[in-house]
Amino acid sequence: MYKSIVVGTGPSGLTAAIYLARANLHPLVIEGAQPGGQLTTTTEVENFPGFPEGVLGPELMERMRKQAERFGAEFKNGWVEEVDFSGSPLKLILEGGEELTSETVILSTGASAKYLGIPGEQEYVGRGVSTCATCDGFFFRGKRIIVVGGGDSAMEEAGFLTRFASSVTVVHRRDELRASKIMQERVRENDKVKWALNRRPLEIATDDGGTVIGLKVRNNANGQEELIEAEGVFVAIGHTPNTGFLSGAVATDEQGYIVVAPGTTRTSAPGVFACGDVQDTRYRQAITAAASGCMAAMDCEKYLDGDMVHDWSKML
């Protein structure tokens, strides 16, 4: 039986593994289908402290992994299909039926950005297509940008991107936005923002050299196809937390994000902690994920030492 198992290997999971390993807890880290998380699909990361010249996303994750291994963390490739957190020890069932047991579990499975499912979208992630304005907006300074979405997150992304872009065009498949009135008003007051409502995205448009030149859309009013020219396309239609495998083993909100006790990483299940984007609906940054990974490891260590009393009244 393990002292601690970390599920997920993004910035939060790897940071938790580093701290647990340095505490001589010999954690087992379960790597899923995308070791390193969403940062492995990012080209240059310029806002992670300690890298003044920037660092490639995959390189940053590989460095963090090696750091965890250096202190004794063990890595295992697999997919957790089922958990049992009803008692001690905690149980995880991997794809293929292998059962693992541990005194504590840290959940750092992240949240996956929702995509449109159109041609060219996945192929050009990190090369003109993005799902994170805070991460990638800087690279589009002085350029034309498209933001796809009609909710609050899309309005927030559009407003933020006007700091860098020469223009931001909001594309939405309906003629009315879902965003709150105040969010809409803020964006509509910005002279850099243009609108392409009632248009359905069809395809990421590129030139012969593979450079993104815009977004092909269909005008729902007349059925005509149009090309909205831009150098960058930001998809802002939300995120899905990777919590389906938990099947209610810990408390989640209405969107599926894990609920943690305020100011901690404790979940509703004793000995189970959550960090990173799987419990963060607001910030979703590599550095905030790493910070919460540190918190989870420290909470986990205190729990194992018997210094943490589980207070159910503060969970929800």
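Residue numbers start at 1 and run along the sequence shown.
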>> Tell me if the CZ atom of Arg70 is crowded by more than 12 foreign heavy atoms within 6.0 Å.
In response: no
> If you look only at pairs with a residue in residues 161-199, which of them pass as a ring pair (Phe, Tyr, Trp, His ring centres under 6.0 Å), with sequence neighbours excluded?
Replying inline: Phe160-Phe164
> For the rings on Tyr19 and Phe71, is their centre-to-centre separation under 6.0 Å?
Replying inline: no
> Under 3.5 Å, side chain of Ser108 to main-chain N/O of Gly10, donor-acceptor pair present?
Replying inline: no
>> Could you check whether any side-chain heavy atom of Thr9 comes within less than 4.5 Å of a side-chain heavy atom of Val29, counting everything from C-beta outward?
In response: yes
> Where is the tightest heavy-atom contact between Leu14 and Met64, given as atom of each residue plus distance?
Replying inline: CD1-CB, 3.8 Å
> Looking only at atom types and distance, does a side-chain atom of Asp207 sit under 3.5 Å from a main-chain N or O of Thr211, one as donor and one as acceptor?
Replying inline: yes
> Could you state the interatomic distance from CD (Glu301) to NZ (Lys3), rounded to the nearest 0.5 Å?
Replying inline: 11.0 Å
> Say you draw a straight line from CZ of Arg188 to NZ of Lys181; how long is it, rounded to the nearest 0.5 Å?
Replying inline: 11.5 Å
> How far apart are the C-alpha atoms of Phe273 and Tyr303, what are their side-chain angles, what is the distance that settles it, and do they pass the side chain to side chain contact (heavy atoms under 4.5 Å, CB included) test?
Replying inline: CA-CA 10 Å; Phe273 307 88; Tyr303 179 87; 3.7 Å; yes
> How far apart are the C-alpha atoms of Arg284 and His239, what are their side-chain angles, what is the distance that settles it, and do they pass the side chain to side chain contact (heavy atoms under 4.5 Å, CB included) test?
Replying inline: CA-CA 10 Å; Arg284 295 195 291 265; His239 289 74; 3.6 Å; yes
> Partners of Ser292 by side chain to side chain contact (heavy atoms under 4.5 Å, CB included), sequence neighbours excluded?
Replying inline: Ser12, Cys275, Gln279
> Taking everything shown except Lys216 itself, do over 12 heavy atoms lie less than 6.0 Å from its NZ?
Replying inline: no
> Gly149 and Val170: which non-hydrogen atoms are nearest, and at how many Å?
Replying inline: O-CG1, 3.6 Å
> If every non-hydrogen atom of Asn242 is compared with every non-hydrogen atom of Ser112, which pair is closest and at what distance?
Replying inline: OD1-OG, 3.0 Å
> Is there side-chain contact between Tyr2 and Thr101, with heavy atoms separated by less than 4.5 Å?
Replying inline: no
>> Would you say that Ile106 contacts Ile5 through its side chain, given a criterion of any heavy-atom pair below 4.5 Å between the two side chains?
In response: no
>> Is it true that Ser4 and Thr104 share a donor-acceptor pair across their side chains at a distance under 3.5 Å?
In response: yes
> Got Asp253 and Thr281 here, is their nearest side-chain heavy-atom distance under 4.5 Å?
Replying inline: yes
> So, Thr267 side chain and Ala274 main chain: donor-acceptor pair closer than 3.5 Å or not?
Replying inline: no
> For Met155 and Ala179, which heavy atoms make the closest approach, and how far apart are they?
Replying inline: CG-CB, 3.4 Å
>> Within the supplied structure, the quantity of interest is the number of heavy atoms (other residues, nucleotides, ligands) at a distance under 6.0 Å from Asp191 CG; does it exceed 12?
In response: no
>> According to a hydrophobic-cluster definition based on side-chain heavy atoms being under 4.5 Å apart (Ile, Leu, Val, Met, Phe, Trp, Tyr only), do Tyr115 and Ile118 belong together?
In response: yes
> Lys192 side chain to Ala165 main-chain N or O, any donor-acceptor pair under 3.5 Å?
Replying inline: yes
> Is there a donor-acceptor pair under 3.5 Å between the side chain of Ser102 and the backbone N or O of Leu90?
Replying inline: no
> Do the non-hydrogen side-chain atoms of Tyr124 and Thr206 ever get within less than 4.5 Å of each other?
Replying inline: yes
> Should Ile93 and Phe85 be counted in the same cluster of Ile, Leu, Val, Met, Phe, Trp and Tyr side chains packed under 4.5 Å apart?
Replying inline: no
> Are Ile258 and Val272 joined in one hydrophobic group, where the rule is that I, L, V, M, F, W and Y side chains link up if heavy atoms are under 4.5 Å apart?
Replying inline: yes
>> For the residue pair Thr162 / Asn190, report whether a side-chain donor-acceptor contact shorter than 3.5 Å exists.
In response: yes
> Would Glu103 and Leu304 count as a side chain to side chain contact (heavy atoms under 4.5 Å, CB included) if you check the C-alpha gap in whole Å, the side-chain angles of each, and the deciding distance to 0.1 Å?
Replying inline: CA-CA 8 Å; Glu103 294 182 48; Leu304 290 169; 3.5 Å; yes
> Is a side-chain donor or acceptor of Glu157 paired with a backbone partner of Ala133 at a separation under 3.5 angstrom?
Replying inline: yes
> Glu156 side chain to Asp152 main-chain N or O, any donor-acceptor pair under 3.5 Å?
Replying inline: no
>> According to side chain to side chain donor-acceptor pair (under 3.5 Å), does anything in residues 89-98 pair up with another residue at least two apart or in another chain? List the pairs.
In response: Lys76-Glu98
> How would you list all residue pairs meeting ring pair (Phe, Tyr, Trp, His ring centres under 6.0 Å) that involve residues 196-226, not counting sequence neighbours?
Replying inline: none
> Picking from Thr252, Thr109, Val260, what satisfies side-chain contact (heavy atoms from CB on, under 4.5 Å) with Val278?
Replying inline: Thr109
>> Any carboxylate oxygen within less than 4.0 angstrom of a Lys/Arg side-chain nitrogen, looking at Glu31 and Arg65?
In response: yes
> Are Asp136 and Ser130 linked by a side-chain donor-acceptor pair shorter than 3.5 Å?
Replying inline: yes
>> Testing the basics here: between Val233 and Gly214, what is the closest heavy-atom pair and its distance to 0.1 Å?
In response: CG2-O, 4.2 Å
> Is any side-chain heavy atom of Leu161 less than 4.5 Å from a side-chain heavy atom of Phe140?
Replying inline: no
> Quick one: are Leu107 and Val83 in side-chain contact, heavy atoms under 4.5 Å?
Replying inline: no
> Restricting to pairs with a member in residues 45-61, which pass side chain to side chain donor-acceptor pair (under 3.5 Å), not counting sequence neighbours?
Replying inline: Glu59-Arg63
>> Test your reading of the model: is there a side-chain donor-acceptor pair from Glu121 to the backbone of Leu116, 3.5 Å cut-off?
In response: yes
> Shared ILVMFWY cluster between Met183 and Val193, side chains joined below 4.5 angstrom?
Replying inline: yes
> For Met1, what are the other residues in its hydrophobic cluster, where any two members join if their side-chain heavy atoms are less than 4.5 angstrom apart?
Replying inline: none
> Yes or no on side chain to side chain contact (heavy atoms under 4.5 Å, CB included) for Thr131 and Ile237, after CA distance, side-chain angles and deciding distance?
Replying inline: CA-CA 9 Å; Thr131 58; Ile237 57 176; over 6 Å; no
>> Minimum heavy-atom separation for Val250 and Ala269, please, with both atom names.
In response: CG1-CB, 3.8 Å
>> Whether Arg199 and Glu226 form a salt bridge (side-chain N of Lys/Arg under 4.0 Å from carboxylate O of Asp/Glu) is what I want to check.
In response: yes
> Near Arg144 CZ, under 6.0 Å, is it more than 12 heavy atoms from other residues, nucleotides or ligands?
Replying inline: yes
>> Is there a path of hydrophobic side-chain contacts, each under 4.5 Å between heavy atoms of I/L/V/M/F/W/Y residues, joining Val125 to Val171?
In response: yes
> If we only count heavy atoms from C-beta on, is the Glu231 to Ile213 side-chain gap below 4.5 Å?
Replying inline: no
